[in-house]
Novice: 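Take a look at this one; I'll ask things after.
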Amino acid sequence: MILRIHDTYQRTKVEFVPHDATHVQFYVCGPTVYDYAHIGNARPIVVFDVLFRLLQRLYPKVTYVRNITDIDDKINARSAETGEPISEITARTTAQFHEDIVALNALPPTVEPRATDHVAEMIVMIEDLIAKGHAYAADGHVLFNVPSWDEYGRLSRHSRDELVAGARVDVAPYKKDAADFVLWKPSTKNLPGWDSPWGWGRPGWHIECSAMASKYLGDVFDIHGGGQDLIFPHHENEIAQCLCDKPSEGFSKYWMHNGYLMSEGEKMSKSLGNFYTINELLREYPGEAVRLLLLKTHYRQPLDFTKSGLDEAKRELDRFYGALRGLNVPRVEGDPADAVVEPLTDDLNTPLALSALHASLRDLNNVADPDAQSVAAQSLMRSASVLGLIEQDPEDWFRWRPANAGGLDDDAIEDLVRQRTGARSAKDFATSDRIRDELAEAGVVLEDKPDGTIWRRG
RNA sequence: GGUCCGGUGGCAGAGUGGCUAUGCGGAGGACUGCAAAUCCUUAUACGUCGGUUCGAUUCCGGCCCGGACCUCCA
């Protein structure tokens with residue numbers, strides 16, 4: 001099966017030809033750990049999780065590297081602001097991040113390197129860049145010299161002149177060229193720092209991904225991913241660093257970038273405070289609804305993330321889990337349906353894949369024979385798994401309730417259901433309906449099936 | 001100013017040079033003690049102005065609107 005992806009370098013869809021067909025390797029820029037991850041962070045996590053799942057179906061071995069950025073001036077600023085030690089901020093935030101994305105059913109990457117563990121590699125790369133004439137030390141800083149490399153700007157399609165003309169910040173006096181960017185900068189004694197040939201200091205932002213990608217994936221690998229906003233300057237600079245360091249190698253063969261997010265119709269902005277953190281959404285909605293909402297839009301399209309969208313995603317999942325509920329079909333390994341995989345091989349067309357999943361659901365709902373049901377249900381589940389959906393126990397899905405939700409607990413509900421069942425068998429429909437109304441009031445919906453009554457939280 | 005992306009039915013959202021996805025919601029029907037769930041049926045669409053074409057929502061151009069990026073925000 002041929003995989004086609006949109007390559008940012010070429011700005012077009014291309015056939016994916018791995019560097020090594022027995023072992024596909026890709027790198028995605030992970031979070032900077034200073035605060036709760038927001039929904040904008042969740043999109044690349046979910047999108048590239050689908051890519052990971054798909055690649056695992058198509059190739060024998062896949063290595064997925066996603067870093068944790070735990071050196072950053074935002075972290076330092078947060079620590080200065082709150083007094084919490086940097087190591088505690090990063091440890092706490094990393095743990096929170098992991099907890100959040102597990103709820104989104106994202107598989108762990110193969111390797112999750114942290115910047116602080118790779119400063120030595122960064123220093124080596126910086127030394128090489130200086131030796132090769134692409135970087136220079138000045139005033140305790142080391143800077144990458146942009147005019148030293150002709151190809152600079154190829155990914156983002158910016159020329160050096162445009163960049164300088166459009167610059168929003170003053171040019172630091174130690175820069176040879178206005179477009180030069182920092183590889184290493186000095187630290188004061190109350191900031192995180194490491195000994196280096198240029199004194200006590202810390203790395204610039206871009207060098208960490210270059211160093212970690214090279215370390216875990218080698219000098220050439222297949223795909224580098226991230227949010228669209230990383231194209232410039234982050235990825236542009238990563239490319240410059242790696243290709244200048246190892247001119248004969250290719251670095252990443254393909255680049256994939258997910259589109260930006262809006263929130264409730266407005267652009268997300270920290271100053272407006274109108275972004276949702278994953279954590280706060282998880283108190284109100286199941287993580288799977290968040291995941292589905294993100295996958296309902298193609299990854300390169302803009303996506304307006306809304307709570308009404310989450311409500312809709314949850315209703316959709318109710319249908320899937322409702323069809324599987326009570327079937328007790330075991331999960332077995334097997335191939336997903338082509339109708340679901342094929343759209344994914346066309347640049348991760350998740351909306352089209354989801355429509356095939358809905359067709360599969362209809363098929364399941366249209367069969368009555370238990371054997372046929374079992375076959376249809378397994379097919380549905382296997383297909384959904386490529387998207388990381390419908391992987392939980394349906395009972396758990398229907399019993400999920402928001403954090404701090406009031407109302408009835410499971411035992412209280414089941415007690416009322418039993419009372420109602422008694423009333424119904426006595427043909428006391430007045431009592432039966434009264435109990436139904438009472439439960440409905442508490443957000444519980446009943447379904448009378450031939451073999452008994454089941455309930456769910458609506 | 002530069003670079004780039006998008007505008008599809010009430011909403012979400014694919015896709016295609018002619019056969020007009022899918023979902024949510026709405027309407028009608030079947031089923032049900034009543035419901036719910038499910039199934040069936042159904043309505044409503046491609047920003048705007050031109051061009052190419054036998055034919056354009058789909059290709060080309062102008063315009064309008066929205067958004068992103070332009071030195072550290074996914």
Side-chain angles (χ1 to χ4, degrees), chain A residues 8 11 28-32 37-45 47-48 69 72-74 144 146 153 156-159 161-172 175 178-182 185 204-206 225-234 236-237 257-262 265-270 275 292-293 296-298 300-304 306 308-309 311-316 318-319 322-323 325 343 346 349-359 361-362 364-366 368 424 427-430 432-433 436-437 440 445-450 453-456 458:
Chain A
T8 307
R11 303 281 157 109
V28 173
C29 292
T32 300
H38 56 74
I39 196 64
N41 303 104
R43 192 174 196 192
I45 295 296
V47 163
F48 291 107
T69 296
D72 187 275
D73 287 353
K74 287 192 292 295
F144 184 93
V146 167
S156 58
R157 303 198 172 181
H158 289 312
S159 73
D161 293 345
E162 283 163 17
L163 294 175
V164 172
R168 295 181 298 197
V169 295
D170 294 335
V171 177
K175 288 188 179 181
D180 292 353
F181 59 89
V182 170
K185 54 189 163 188
W205 175 34
H206 319 296
Q228 231 167 40
D229 56 325
L230 291 183
I231 295 174
F232 190 89
H234 186 54
E236 193 69 73
N237 292 354
H257 292 95
N258 61 270
Y260 59 85
L261 231 74
M262 305 214 300
E266 291 187 329
K267 74 174 224 179
M268 277 179 44
S269 129
K270 300 219 164 164
F275 58 92
L292 176 58
L293 179 53
K296 283 178 65 163
T297 299
H298 182 86
R300 284 191 287 114
Q301 291 292 111
L303 163 53
D304 184 12
T306 63
S308 72
D311 289 327
E312 184 177 321
K314 184 169 177 297
R315 276 193 296 271
E316 272 184 59
D318 280 340
R319 289 192 66 212
R325 194 180 195 185
D346 183 17
N349 191 337
T350 51
L352 199 56
L354 286 167
S355 81
L357 214 56
H358 277 108
L361 171 63
R362 192 197 315 281
L364 170 59
N365 282 330
N366 270 321
R424 285 185 76 218
K427 301 262 192 254
D428 177 2
F429 294 121
S432 163
D433 290 348
R436 182 204 291 287
D437 291 346
V445 181
L446 301 180
E447 292 178 37
D448 294 326
K449 300 280 198 181
T453 298
I454 58 175
W455 61 270
R456 64 185 157 92

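By convention in this document, chain letters (A, B, ...) are assigned in the order of the sequence lines, proteins followed by strands, and residues within each chain are numbered from 1.
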Novice: Across all strands, who's sitting opposite B:G9 as a Watson-Crick or G-U wobble pair, both distances under 3.5 Å?
Specialist: none
Novice: Now, which nucleotide makes the Watson-Crick or G-U wobble pair with B:A68, with each of the two distances under 3.5 Å?
Specialist: B:U3
Novice: I want to verify a distance call: between B:C69, B:U22, B:A74, whose nearest atom is closest to the A:F232 side chain?
Specialist: B:C69
Novice: Establish whether the base of B:G33 is bridged to the side chain of A:R424 by a donor-acceptor pair shorter than 3.5 Å.
Specialist: yes
Novice: In the strands shown, is B:A36 matched to any nucleotide by a Watson-Crick or G-U wobble pair with both distances under 3.5 Å, and which?
Specialist: none
Novice: Side-chain donor or acceptor of A:D433 under 3.5 Å from a matching atom on the base of B:G33?
Specialist: yes
Novice: Base, sugar-phosphate, or nothing: which does A:A37 touch, judged by heavy atoms less than 4.0 Å apart?
Specialist: nothing
Novice: Assign each of A:E447 and A:H358 to its nearest nucleotide of RNA chain B by heavy atoms, then name whichever residue's nucleotide is nearer the 5' end.
Specialist: A:H358
Novice: So for A:R43 and B:A74, does any side-chain atom that can act as donor or acceptor lie under 3.5 Å from a complementary atom in the base?
Specialist: no
Novice: Once you apply the 3.5 Å cut-off to both distances, tell me the Watson-Crick or G-U wobble partner of B:U42, or none.
Specialist: B:G26
Novice: Using the side-chain heavy atoms of A:D72, tell me which of these nucleotides is nearest: B:A14, B:C73, B:U71.
Specialist: B:C73
Novice: Quick one: the side chain of A:R11 and the base of B:C4, do they pair up donor-acceptor inside 3.5 Å?
Specialist: no
Novice: Select one nucleotide: of B:C40, B:G15, B:C73, the one nearest the side-chain heavy atoms of A:K74.
Specialist: B:C73
Novice: Quick one: label A:H257 by what it contacts on the DNA or RNA (base, sugar-phosphate, nothing), any heavy atom closer than 4.0 Å.
Specialist: nothing
Novice: Select one nucleotide: of B:A74, B:C40, B:U3, the one nearest the side-chain heavy atoms of A:L230.
Specialist: B:A74
Novice: Which one, B:C72, B:U22, B:A74, comes nearest to the side chain of A:W205?
Specialist: B:C72
Novice: Which one is paired to B:U20, where only Watson-Crick or G-U wobble pairs with both distances under 3.5 angstrom count?
Specialist: none
Novice: Tell me what A:D229 touches on the nucleic acid: a base, only sugar-phosphate, or nothing, going by heavy atoms under 4.0 Å.
Specialist: base
Novice: Does A:D448 make a side-chain donor-acceptor contact with the base of B:C34, cut-off 3.5 Å?
Specialist: yes
Novice: Using a cut-off of 4.0 Å on non-hydrogen atoms, how would the nucleic acid contact of A:L261 be classed: base, sugar-phosphate, or nothing?
Specialist: base
Novice: Any side-chain heavy atom of A:R424 sitting closer than 4.5 Å to one from A:D448?
Specialist: yes
Novice: Would you call A:L357 and A:S355 a side-chain contact if the rule is heavy atoms closer than 4.5 Å?
Specialist: no
Novice: On a plain distance test, is the side chain of A:S432 in donor-acceptor contact with the base of B:G33 below 3.5 Å?
Specialist: yes
Novice: Between B:G25 and A:E312, counting only base atoms on the nucleotide and side-chain atoms on the residue, is there a donor-acceptor pair under 3.5 Å?
Specialist: no
Novice: Looking only at side-chain atoms of A:R319, point me to the closest of B:A14, B:U22, B:G23.
Specialist: B:G23
Novice: When you match A:L303 and A:G226 each to their closest nucleotide on RNA chain B, which lands nearer the 5' end?
Specialist: A:L303
Novice: Between B:G25, B:A74, B:A14, which nucleotide has the shortest distance from any of its atoms to the side chain of A:Q301?
Specialist: B:A14
Novice: Which of the following nucleotides, B:G23, B:A37, B:U3, is nearest to the side chain of A:H158?
Specialist: B:U3
Novice: Looking at B:C59, which nucleotide sits across from it as a Watson-Crick or G-U wobble partner, both distances under 3.5 angstrom, or is there none?
Specialist: B:G51
Novice: For the side chain of A:R436, starting at C-beta, report the closest nucleotide among B:G33, B:C39, B:G13.
Specialist: B:G33
Novice: Out of B:G67, B:C72, B:A12, which has the shortest distance to the side chain of A:Y260?
Specialist: B:G67
